[in-house]
Amino acid sequence: MLGDDAELTAAVRAAQNGDETAFRTVYRAVHPRLLGYLRTLVGEGEAEDVASEAWLQIARDLDTFSGDADRFRGWAARIGRNRALDHIRMRGRRPAVGSDDTELAERPAPSDTFGEAMESVSTDHTLALIAQLPQDQAEAVVLRVVVGLDAKSAARTLGKRPGAVRTAAHRGLKRLAELIGEGPYDHVPRPVPAPAAAGGALRMRSRAQRGVR
């Protein structure tokens, strides 16, 4: 565990001991990604309110958390998701969450065009495109690529099997590549730290790999 993950883990532990500066560090590191995820659930206009509710719970329950940076991101995403679903239920709306658990066959990536396309669009534009995906695919893509969770952590957040999350992310990214105009893709961009502000550029490196891991 190196770099940003190590720093986030240390900041979480310090915040649990009452360090307010450390909590602000945690907030700055996690909030942009969490906000991006919530936008796919409740939309741009309501995401900030839901995020505020989520952070109130995160602050209140921080002492109960145990784990490293990746687990914290997953824990925060799960809290955010629960608050978003409560928000949706209060307004009589339900997300159209799919239930496809089929595993996709793994195939090698032919090129890097999807990652290159992602470099050329802003965070807001990307999230607007992701919002056009079926809900299960949109959540899987944002949790894997924007929030930066691995398949197991994303699966815990969504209450699904890791294989189902890999499938949804694969299909979502394939459709997203088509929306961007780069055609079908068969690889997954590697997430890098989210921008300091939600409206900044979303930067991701990509590499060819076998399927969605």
Side-chain angles (χ1 to χ4, degrees), residues 4-5 7-97 122-133 135-149 153-159 191-203:
D4 292 335
D5 274 4
E7 292 172 9
L8 178 56
T9 299
V12 168
R13 290 173 181 167
Q16 288 178 311
N17 290 324
D19 188 329
E20 294 183 4
T21 299
F23 187 83
R24 287 194 291 271
T25 297
V26 172
Y27 177 87
R28 286 194 297 269
V30 176
H31 179 70
R33 300 181 184 204
L34 179 62
L35 184 63
Y37 176 43
L38 295 175
R39 285 175 176 171
T40 69
L41 295 175
V42 299
E44 176 73 27
E46 300 176 350
E48 287 281 4
D49 289 341
V50 175
S52 295
E53 295 172 8
W55 279 105
L56 285 173
Q57 182 176 346
I58 291 168
R60 185 187 70 226
D61 296 345
L62 188 59
D63 288 346
T64 69
F65 172 75
S66 177
D68 59 10
D70 187 66
R71 282 189 175 274
F72 182 83
R73 284 190 289 263
W75 182 69
R78 190 159 58 251
I79 289 174
R81 186 175 196 266
N82 289 339
R83 297 288 69 75
L85 294 179
D86 287 345
H87 191 79
I88 289 166
R89 281 191 289 268
M90 286 176 62
R91 283 155 179 73
R93 294 177 284 126
R94 299 180 64 84
V97 178
S122 71
T123 300
D124 289 341
H125 184 195
T126 303
L127 292 172
L129 292 176
I130 291 173
Q132 298 179 37
L133 303 175
Q135 190 69 31
D136 61 328
Q137 294 179 15
E139 288 196 70
V141 168
V142 174
L143 288 173
R144 294 296 312 276
V145 179
V146 179
V147 180
L149 302 183
S153 295
R156 283 194 296 268
T157 299
L158 297 174
V192 297
L202 173 63
R203 293 189 169 276

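Predicted model only: the values in this text are computed from it and were never measured.
Here the shortest heavy-atom pairing between D70 and G148 reads OD1-O, 3.8 Å. The shortest non-hydrogen separation linking A51 to H31 is CB-CE1, 3.8 Å. Closest of all the heavy-atom pairs between G80 and L34 is CA-CD1, 4.4 Å. The two residues R33 and V146 come nearest to each other via the heavy atoms CD-O, 3.2 Å. Here the closest non-hydrogen pair linking A154 and R144 is CB-CD, 4.1 Å. Shortest non-hydrogen contact noted between E139 and L41 is CD-CD2, 3.4 Å.
Considering only residues two or more places apart in sequence or on other chains, Q57 meets the side chain to side chain contact (heavy atoms under 4.5 Å, CB included) condition with R60, D61, I79, R83. In this structure, the side chain to side chain donor-acceptor pair (under 3.5 Å) partners of R156, at least two apart in sequence or on a different chain, are S153. Contacts of F23 classified as side chain to side chain contact (heavy atoms under 4.5 Å, CB included), with partners at least two apart in sequence or in another chain: A15, W55, A59, L62. In this view, A10 satisfies the side chain to side chain contact (heavy atoms under 4.5 Å, CB included) rule with no residue, not counting sequence neighbours. When the side chain to side chain contact (heavy atoms under 4.5 Å, CB included) test is applied to A47, the partners found at least two apart in sequence or on another chain are L35, L38, R39, V42. The side chain to side chain donor-acceptor pair (under 3.5 Å) check on R24 picks up T21, with sequence neighbours excluded.
Within the 4.5 Å cutoff, side-chain heavy atoms of L143 are placed close to those of Y37. Side-chain contact between V142 and V147 is present, with at least one heavy-atom pair separated by less than 4.5 Å.
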Subject >> Residue pair L8, V30: steps toward the side-chain contact (heavy atoms from CB on, under 4.5 Å) verdict >> reply: CA-CA 9 Å; L8 178 56; V30 176; 4.1 Å; yes

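Between F72 and W75, the ring-plane angle classifies as tilted under the 30° and 60° cut-offs.
For the atom pair OG1 (T157) and CZ (R73), the distance works out to 11.5 Å, reported to the nearest 0.5 Å. Atom-to-atom distance recorded for L129:CG and T40:OG1 is 13.0 Å, nearest 0.5 angstrom.
Using modelled atom types, no side-chain atom of E7 and backbone atom of T25 make a donor-acceptor pair closer than 3.5 Å.
By the 4.0 Å N-to-carboxylate-O rule, R89 lies close enough to D86 to be salt-bridged with it.
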